[in-house]
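Each ligand, and each atom within it, is numbered from 1 in the order the structure gives. From a predicted model like this one, the values you see are computed outputs, not experimental measurements.
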Amino acid sequence: MYIHDPVYRKIVVKIGTNVITTPSGELDQGILEQLTTQIARLRNQGVEVLLVSSGAVGAGRSILTLPNSYPPVARRQVLSSTGQIRLINTYSDLFERHGVLIAQILVTKSDFRDRQHYLNMRTCFTSLLQQGIIPVINENDAVSVTELMFTDNDELSGLIASMMHVDAHIILSHVDGVFDLSSSGGAQQIIREIDPDDQQFQRSIRPGKSEFGRGGMLTKCHIGQKLARFGITVHIANGRTPGILYDLLSGKPAGTKFLAQERTHGRKQWLAHSEGMEKGAVIINAGAEAALRSPTEANSLLPVGIEEVRGSFYKGDIIKICSMHGDAIGYGMARYSAEETRKLLGHHDQKPLIHYDYLYINSAHHDHERRNPEETL
Ligand SMILES: Nc1ncnc2c1ncn2[C@@H]1O[C@H](COP(=O)(O)OP(=O)(O)O)[C@@H](O)[C@H]1O
Ligand SMILES: N[C@@H](CCC(=O)OP(=O)(O)O)C(=O)O
């Protein structure tokens, strides 16, 4: 299959556990063959592909059986670290048939925590792509535990998509896309296109996830909206549909598409993914919140609007910005330490704690489905 003029030149493809696992829990060779063939052909046509694949825990489950009484965190560690070998070997063998070399990159949330480390990772991915190698990425489940875990690989792949400034993030699930579940009765329709500013469609999503999946549809849509606002098109489609990647890269309608808005600055994209990585927090008053949320003005966060400083942070650290009600309204990079900020609380005529260029404000409150490790097995 040759695609005449692929609509995207650089993509992240995320494959969920349920896509590549048979009902009995084995890796599904047939589907893996289909997907690796499509990816290899796209790559051989010059499309740059970063692959984020789940399935380590699933593959581990097919290798060994642990007693039911086994502690959940240790279970995930044992299954993922044994299963990842099987998963990556399967990918390596299948891509080799097409003469494509892959690299394995396992990451944790803390790898994205400071800007220098983040940029080092970007250099790594860029260098691999330059060499024509496909990075196959997964969370390092053996060492990432509880609060420093990604919600799921949809979150991780979203972070990589924005870090690498890709044209499209393709989330391959075992369902055909986002269905409109808001009306009862009758055949359910797929929502073909979603404008990232439209909050209404979320009513059609049921919380919860499938067996073996970790995040669920709400997380996928949350990522879809966020990336589309940064200027990255996001597709949620069925990874089991034959030729699905060819269809998407040919511009044929398939699954659900989040329509990309104008591109935003890379630094703000990084800050937008800072949830859980902050070193401290500030509580700001209503006036400051209104200023930061202003749709017409680019305002920085000044000490005069800060009511309280929490935790201990230094200049250059990421901090969370909370409203008086305790809601996280955004993230930014601090220009003062926590101690210096405390001294400046409420003072006028001071330089901003967070300059506008280093500030990201959530555009809406999203329900976020965070699962604990016990629920992921
Ligand atoms: N509106 C919706 N459209 C499609 N699926 C939905 C919707 N709301 C909830 N879901 C559920 O989301 C699940 C897909 O998410 P997830 O379990 O994360 O899949 P995967 O493992 O394929 O990544 C489906 O099993 C489906 O039951
Ligand atoms: N890192 C885990 C996958 C976690 C995950 O997000 O799974 P999924 O919801 O199937 O994409 C694994 O490889 O088993």
Margin query: Parallel, tilted or perpendicular: which one describes the rings of Y358 and H355, with boundaries at 30° and 60°?
Written below: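 Rings of Y358 and H355: perpendicular, over 60°.
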Output the list of atoms in ligand 1 that are nearer than 4.0 Å to some heavy atom of [X], sorted by atom number.
{"X": "S173", "answer": "19 (O), 20 (P), 22 (O)"}
{"X": "V178", "answer": "1 (N), 3 (N)"}
{"X": "G177", "answer": "3 (N), 4 (C)"}

N/O separation below 3.5 Å, [X] to ligand 2:
{"X": "T17", "value": "yes"}
{"X": "A56", "value": "yes"}
{"X": "G16", "value": "no"}
{"X": "N153", "value": "yes"}

Margin query: When you compare the side chains of D180 and Q189, does any donor N or O come within less than 3.5 Å of an acceptor on the partner?
Written below: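 No pair is found: no donor N or O on one side chain lies under 3.5 Å from an acceptor on the other.
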Checklist line | Distance-only donor-acceptor check, side chains T36 and H98, under 3.5 Å | finding: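 No.
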Notebook entry, point to check: Looking at ligand 1, does G239 have a heavy atom less than 4.0 Å from it?
Noted result: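 Outside the 4.0 Å threshold, so no.
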Quick one: does ligand 2 sit under 4.0 Å from the side chain of [X], the backbone, both or neither, non-hydrogen atoms only?
{"X": "K14", "value": "side chain"}
{"X": "N138", "value": "side chain"}
{"X": "D141", "value": "side chain"}

Item checked: Any donor-acceptor pair under 3.5 Å from R335 side chain to K315 backbone ->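 Not at all, since once roles are kept as given, no pair shorter than 3.5 Å links the two residues.
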Note to self: How long is the straight-line distance from CG of D154 back to CD1 of I223, given to the nearest 0.5 Å?
What the structure shows: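 It is 6.5 Å, given to the nearest 0.5 Å.
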Notebook entry, point to check: Taking the non-hydrogen atoms of G55, is any one of them nearer than 4.0 angstrom to ligand 2?
Noted result: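 Contact check G55 vs ligand 2: positive.
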Checklist line | Option passing side chain to side chain contact (heavy atoms under 4.5 Å, CB included) with I171 (candidates T256, V234, V12) | finding: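 So, applying the side chain to side chain contact (heavy atoms under 4.5 Å, CB included) to I171 and each of T256, V234, V12, only V234 qualifies.
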Item checked: Ion pair check, K268 and D357, cut-off under 4.0 Å ->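 Between D357 and K268 there is no salt bridge, as every charged N stays at least 4.0 Å from the carboxylate O atoms.
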Checklist line | Salt bridge flag under 4.0 Å for residues E155 and K109 | finding: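 Counted as a salt bridge, because a side-chain N and a carboxylate O are separated by less than 4.0 Å.
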